[in-house]
Participant: 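Below you'll find the structure I mean.
The basis for the numbers below is simple: all heavy atoms, side chains too, and nothing from hydrogens, waters or symmetry mates. This one's a predicted model, so the numbers in the text were calculated from it and none came from an experiment. The residues of the chain are indexed from 1 along the displayed sequence.
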Amino acid sequence: MTIQPAFTLLLLVIASGSLCYSFWQLQHSRTHMRTLNSHHITANSAVQKRRMNLYEVRNRAKLLEDTVSGSASAVEKMHRAISNTTFGLVDHFSKDDEFRQSARKARRSHDHASKQVYHAVRTTNKAMHILADTLFITKAEKRMVLRKDTAENPPGKDQ
């Protein structure tokens with residue numbers, strides 16, 4: 001009968017040891033999961049940062065295009081107001097009909113040329129925006145995609 005209490009005590013020691021080992025494994029697994037999760041968050045954060053940088057570059061490029069276009073429109077309106085005032089005064093105060101006709105012809109020529117110049121400024125601005133988009137932003141997007149592809153499928157990995 002002395003064997004049964006010793007055997008029960010041995011089973012209790014084994015059970016408590018197994019319970020302690022299981023608890024230790026749980027803590028160890030949680031630590032590894034936290035580490036893995038922090039690495040995952042860091043990787044996602046780096047990808048998100050690259051995306052945000054790309055959006056910032058795009059927004060700055062669009063802001064620059066809009067600023068140049070808006071500035072060209074403002075300068076064009078100011079130029080038109082000055083030329084309208086000048087040609088209007090010449091037309092109003094000129095006493096010679098031949099001079100007045102010559103001034104009107106000069107005004108039409110001036111207005112046509114200035115419209116072409118401001119149209120060229122806007123067209124060049126759009127072309128520069130497209131060129132910058134092609135050269136810088138598209139290349140940055142390609143680099144992001146390549147980084148993502150190489151991160152998901154390393155070169156030495158068999159598929």
Participant: How long is the gap from CG on L11 to OG on S18, to the nearest 0.5 Å?
Facilitator: 10.5 Å

Participant: Working to the nearest 0.5 Å, report the span between CG of N84 and NE2 of H110.
Facilitator: 9.5 Å

Participant: Can you find a pair of side-chain heavy atoms, one from R107 and one from S83, that are under 4.5 Å apart?
Facilitator: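 Not touching, per the 4.5 Å side-chain cut-off.
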
Participant: Please confirm whether the backbone N or O of K105 pairs with a side-chain atom of S109, one donor and one acceptor, at under 3.5 Å?
Facilitator: no

Participant: Taking atom CG of D91 and atom OG1 of T86, what is their separation to the nearest 0.5 Å?
Facilitator: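 It is 12.5 Å, given to the nearest 0.5 Å.
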
Participant: Do M33 and R30 have side chains that get closer than 4.5 Å, going by heavy atoms?
Facilitator: no

Participant: Side chains of S73 and R122: do they bring a donor and an acceptor to under 3.5 Å?
Facilitator: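 Checked: S73/R122 side chains pair up, N/O donor to acceptor below 3.5 Å.
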
Participant: Only pairs under 3.5 Å count here: list side-chain donor-acceptor contacts from residues 124-132, not counting sequence neighbours, and write none if there are none.
Facilitator:
{"residue": "T124", "atom": "OG1", "partner": "A120", "partner atom": "O", "Å": "2.7"}
{"residue": "N125", "atom": "ND2", "partner": "E65", "partner atom": "O", "Å": "2.9"}
{"residue": "H129", "atom": "NE2", "partner": "E65", "partner atom": "OE1", "Å": "3.4"}

Participant: In terms of heavy-atom contacts, does CD of Q116 have more than 12 from other residues, nucleotides or ligands at under 6.0 Å?
Facilitator: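 Yes.
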
Participant: Give, for atom OG of S102 and atom CZ of R100, the distance between the pair rounded to the nearest 0.5 Å.
Facilitator: 12.5 Å

Participant: In the structure I gave you, are the side-chain heavy atoms of H79 and S114 within less than 4.5 Å of one another anywhere?
Facilitator: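 A side-chain contact exists here, since the closest heavy-atom pair is under 4.5 Å.
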
Participant: Taking atom CG of L19 and atom CD1 of I14, what is their separation to the nearest 0.5 Å?
Facilitator: 13.5 Å

Participant: Quick one: does R104's side chain get under 4.5 Å of F87's, heavy atoms only?
Facilitator: no

Participant: Is there a side-chain contact between R58 and K62 (heavy atoms, below 4.5 Å)?
Facilitator: no

Participant: Kindly compute the distance separating OG1 (T31) from CG (L26), expressed to the nearest 0.5 Å.
Facilitator: 9.0 Å

Participant: Any ring pair (Phe, Tyr, Trp, His ring centres under 6.0 Å) pairs touching residues 31-53, not counting sequence neighbours?
Facilitator: H28-H32

